[in-house]
There are 2 protein chains.
Amino acid sequence: MLNIVIAESALERVPKTIWRHPSVIARAKSLGKEPSELLLDRSYHHSAMNTLPKAEKRGRPDIVHMCLLNALETPLNREGGLRVYVHTWDDMLITISPIVRLPRNYNRFVGLIEQLYQKGAVPSKGETLLKIRVETLQGLLRHLESSVVITLSVLGQTSTVEKVVKPLKHLHNPTLMIGGFPRGHFSEDTILLSDRVQAIDPEGFDAWIVVSRLIYEFEKQSGFPSKRWERWGKR
Amino acid sequence: MLNIVIAESALERVPKTIWRHPSVIARAKSLGKEPSELLLDRSYHHSAMNTLPKAEKRGRPDIVHMCLLNALETPLNREGGLRVYVHTWDDMLITISPIVRLPRNYNRFVGLIEQLYQKGAVPSKGETLLKIRVETLQGLLRHLESSVVITLSVLGQTSTVEKVVKPLKHLHNPTLMIGGFPRGHFSEDTILLSDRVQAIDPEGFDAWIVVSRLIYEFEKQSGFPSKRWERWGKR
């Protein structure tokens with residue numbers, strides 16, 4: 001089982017200090033919601049975000065959406081070999097059933113996550129697909145009991161996707177951590193939780209591209225491409 | 001240079017026959033636009049789309065958005081080794097400057113493409129980044145003068161991403177065609193334009209996952225990962 005943790009993600013509800021900002025009120029009104037129910041989103045709350053600390057790392061639910069669509073629709077996940085976790089900037093943790101089919105449409109995804117924040121789990125009937133709770137990264141990693149935690153960062157040791165992934169197939173329950181934020185770097189706390197910090201390219205990539213490449217390479221190293229044809233019966 | 005063509009994409013403006021449908025009028029009103037200016041989007045026009053022919057292959061601008069974000073933010077594109085084209089269901093062609101930085105936010109992307117349909121090119125000032133014109137796939141391929149056109153389809157010959165991509169680095173200006181639609185298969189016309197039709201997995205993948213894997217594998221086969229570290233200077 002490969003664990004992917006989208007860590008310190010730029011996902012949270014609009015904080016109380018800017019509930020009364022005109023851009024927040026206007027957005028809430030147009031959606032028929034309360035400011036407190038909305039996800040913080042730089043596309044709509046740009047001017048309101050100026051007053052927030054560490055604003056450059058916040059308010060980008062689209063990054064989480066893209067990462068999840070690139071992770072969950074892969075053979076590795078479909079065959080039960082992947083667990084994806086979203087840890088947020090403010091220490092919330094979203095756990096995701098591998099069988100969830102997330103909305104492709106961004107607005108519907110945001111609506112779903114807003115509902116998740118309100119109810120704690122979705123859907124309200126039937127099998128739970130998404131859950132959210134207060135949890136630190138440290139708490140999550142303790143629970144995962146990984147043999148190794150590798151964090152991807154442009155500040156890490158020079159490597160490539162292939163070199164990062166190659167040793168993992170022999171290890172029990174490895175974890176890869178990718179930053180779910182648009183700019184800046186991991187906090188020192190996150191780095192200290194990592195066994196290794198590795199860079200896969202001299203320039204940074206968008207998080208969803210990192211997720212996509214790591215999963216594909218893991219599938220390759222595990223022999224997925226040919227195994228799948230054998231199992232499904234070659235035509 | 002690698003060409004990627006997102007072909008028969010589910011991207012178009014709302015067709016005239018459903019301009020007066022309540023779901024279209026409501027959406028147009030909420031955006032302060034005319035029905036004729038809107039992109040067709042199943043998320044908002046689901047009931048109106050029932051009357052459209054081949055509706056299952058239409059109205060999914062999010063697929064194009066995801067494909068482009070997975071293609072344009074790669075080292076291959078940043079280093080000028082990639083050209084991406086969006087061909088639509090109704091034979092429109094969008095040409096894309098490799099230096100464009102597309103909106104990450106879906107609603108902003110849709111707004112940009114709506115503007116593109118109205119003006120023919122964006123932005124209106126400065127260097128043109130996106131252009132749209134009437135063009136068949138045949139016309140595009142004649143213009144590209146590729147040594148080989150490979151179409152990815154679950155109905156194609158059994159292969160893997162690695163096997164599809166490996167021979168390409170020795171070829172002049174190869175073209176990979178990926179379907180930009182949610183369901184169904186390429187038209188016979190598109191298949192006839194292909195030198196080879198290949199399947200990379202027994203199940204179909206979402207288009208953006210195919211795009212992402214093809215580009216990464218092409219970079220690997222071209223020695224990008226180590227070359228980039230050498231060029232940027234290893235730390």
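Every value quoted in this text rests on a predicted model; they were computed, and no experiment measured them. Heavy atoms only: backbone and side chains are in, while hydrogens, waters and symmetry mates are out. Below, chains carry the letters A, B, ... as their sequence lines are ordered, and counting in each starts from 1.
Distance check, rounded to the nearest 0.5 Å: CZ of A:Arg213 to OG1 of B:Thr74 gives 6.0 Å. Distance CZ/A:Phe205 to CZ/B:Arg78: 6.5 Å, rounded to 0.5 Å. Going from atom CG of A:Asp62 over to atom CZ of B:Arg104 covers 8.5 Å, rounded to the nearest 0.5 Å. In this structure, A:Ser226 OG and B:Glu162 CD are separated by 10.0 Å, a value rounded to the nearest 0.5 Å.
Looking only at side-chain heavy atoms (C-beta outward), B:Trp208 and A:Asn70 come within less than 4.5 Å of each other. For the pair A:Glu217 and B:Lys220, the minimum side-chain heavy-atom distance is below 4.5 Å. When side chains are defined from C-beta on, B:Trp232 does not count as touching A:Asp201, because their heavy atoms never get closer than 4.5 Å.
Using a 4.5 Å cut-off between heavy atoms, A:Arg60 contacts chain B through its side chain alone, with no backbone atom that close. In this structure, chain A has a heavy atom under 4.5 Å from the side chain of B:Arg108, while its backbone stays farther away.
Other residues, nucleotides and ligands contribute more than 12 heavy atoms inside 6.0 Å of the CZ atom of B:Arg231. In this structure, B:Lys29 places its NZ atom where only 12 or fewer heavy-atom neighbours from other residues, nucleotides or ligands lie under 6.0 Å away. Residue-environment remark: NZ (B:Lys166) stays at or below the threshold of 12 foreign heavy atoms within 6.0 Å. Applying the 6.0 Å contact sphere to NZ of A:Lys33 captures more than 12 heavy atoms from other residues, nucleotides or ligands.
Ranked by heavy-atom pairs shorter than 4.5 Å toward chain B, the options A:His65, A:Met66, A:Glu203 are led by A:Glu203. For the set A:Pro103, A:Pro225, A:Ser159, the entry with the most heavy-atom pairs within less than 4.5 Å of chain B is A:Ser159. When each of A:Leu69, A:Ile215, A:Thr160 is checked for heavy-atom pairs under 4.5 Å with chain B, A:Leu69 comes out on top.
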